[in-house]
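The next block holds one structure in the form of structure tokens; read it before the comments.
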Amino acid sequence: MIKLILSALFILAGVIVIVTALIGNYRFSYVLNRMQVGATADTMGAILVLIGLIIKTGFNMISVKLFIMILFFWVASPVSSHFIARTEAIANENILDECEVVRHDSI
């Protein structure tokens, strides 16, 4: 019974994080702000849901696979978000009007 309650709490927390980010994402007007909120919430929400599933299944091969999925989300989401943000920073001609960009040659 405790496993079920703990599992449900983690899954519910993950769903709440994802839904809150979905609703809060409409507050931002600039694409890089939206992407930062979305990437953070997607990673955190997915990891919380997967932790809830690991607790529900117990320790077996399914939980090992779910843990590998957590590692993949933890690594892949920031990398893909960085790639998309960098592409936006390079492709947008009016980016200096919308936000401050630090160039590599000025560091």
Side-chain angles (χ1 to χ4, degrees):
M1 187 66 171
I2 278 193
K3 276 176 52 172
L4 179 66
I5 292 172
L6 196 59
S7 166
L9 287 176
F10 271 100
I11 293 172
L12 184 65
V15 170
I16 288 172
V17 165
I18 292 171
V19 169
T20 303
L22 176 71
I23 294 169
N25 212 355
Y26 288 106
R27 291 188 59 218
F28 298 110
S29 61
Y30 188 56
V31 67
L32 293 178
N33 294 341
R34 287 182 175 193
M35 187 174 39
Q36 190 272 334
V37 168
T40 304
D42 284 348
T43 303
M44 185 177 178
I47 287 174
L48 285 172
V49 169
L50 289 173
I51 288 172
L53 292 175
I54 288 173
I55 292 170
K56 177 70 177 132
T57 61
F59 184 72
N60 54 19
M61 278 308 290
I62 294 174
S63 62
V64 172
K65 291 176 186 178
L66 290 170
F67 183 73
I68 291 170
M69 286 177 62
I70 287 175
L71 292 177
F72 177 75
F73 277 123
W74 191 41
V75 171
S77 183
V79 171
S80 63
S81 297
H82 174 77
F83 177 72
I84 294 170
R86 188 159 175 93
T87 303
E88 170 68 19
I90 292 170
N92 190 352
E93 296 172 356
N94 300 325
I95 194 160
L96 294 176
D97 299 334
E98 298 178 19
C99 64
E100 180 182 348
V101 177
V102 179
R103 304 237 183 245
H104 288 291
D105 54 351
S106 66
I107 296 177

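On a predicted model such as this, the values are computed, not experimentally measured, just so you know.
- Between the side chain of S7 and the backbone N or O of G52, at least one donor-acceptor pair lies under 3.5 Å.
- Every residue two or more places apart in sequence or in another chain that forms a side chain to side chain contact (heavy atoms under 4.5 Å, CB included) with I5 is listed here: M1, L9.
- In this structure, I16 is not a member of the same hydrophobic cluster as L22, with clusters built from ILVMFWY side-chain heavy atoms closer than 4.5 Å.
- Other residues, nucleotides and ligands contribute over 12 non-hydrogen atoms within 6.0 Å of the CG atom of L12.
- Using a 4.5 Å heavy-atom threshold, the side chains of V75 and L71 count as separate.
- Residues in residues 60-84 take part in these side-chain hydrogen bond (donor to acceptor under 3.5 Å, both in side chains) pairs, two or more places apart or across chains: T43-S77.
- A 6.0 Å sphere centred on CE of M35 holds more than 12 heavy atoms belonging to other residues, nucleotides or ligands.
- Between the CG atom of L66 and the CG atom of L53 there is a distance of 6.0 Å, given to the nearest 0.5 Å.
- Around atom CD1 of I2, no more than 12 heavy atoms belonging to other residues, nucleotides or ligands sit under 6.0 Å away.
- Between G58 and K3 the shortest heavy-atom distance is CA-NZ, 3.9 Å.
- Shortest non-hydrogen contact noted between L48 and V17 is CD1-CG2, 4.1 Å.
- When the options I51, I54, I47 are evaluated for a side-chain contact (heavy atoms from CB on, under 4.5 Å) with F10, the one that passes is I51.
- Under the side chain to side chain contact (heavy atoms under 4.5 Å, CB included) criterion, I18 pairs with no residue at all, not counting sequence neighbours.
- No continuous path of ILVMFWY side-chain contacts below 4.5 Å connects F72 to F67, so the two sit in separate hydrophobic clusters.
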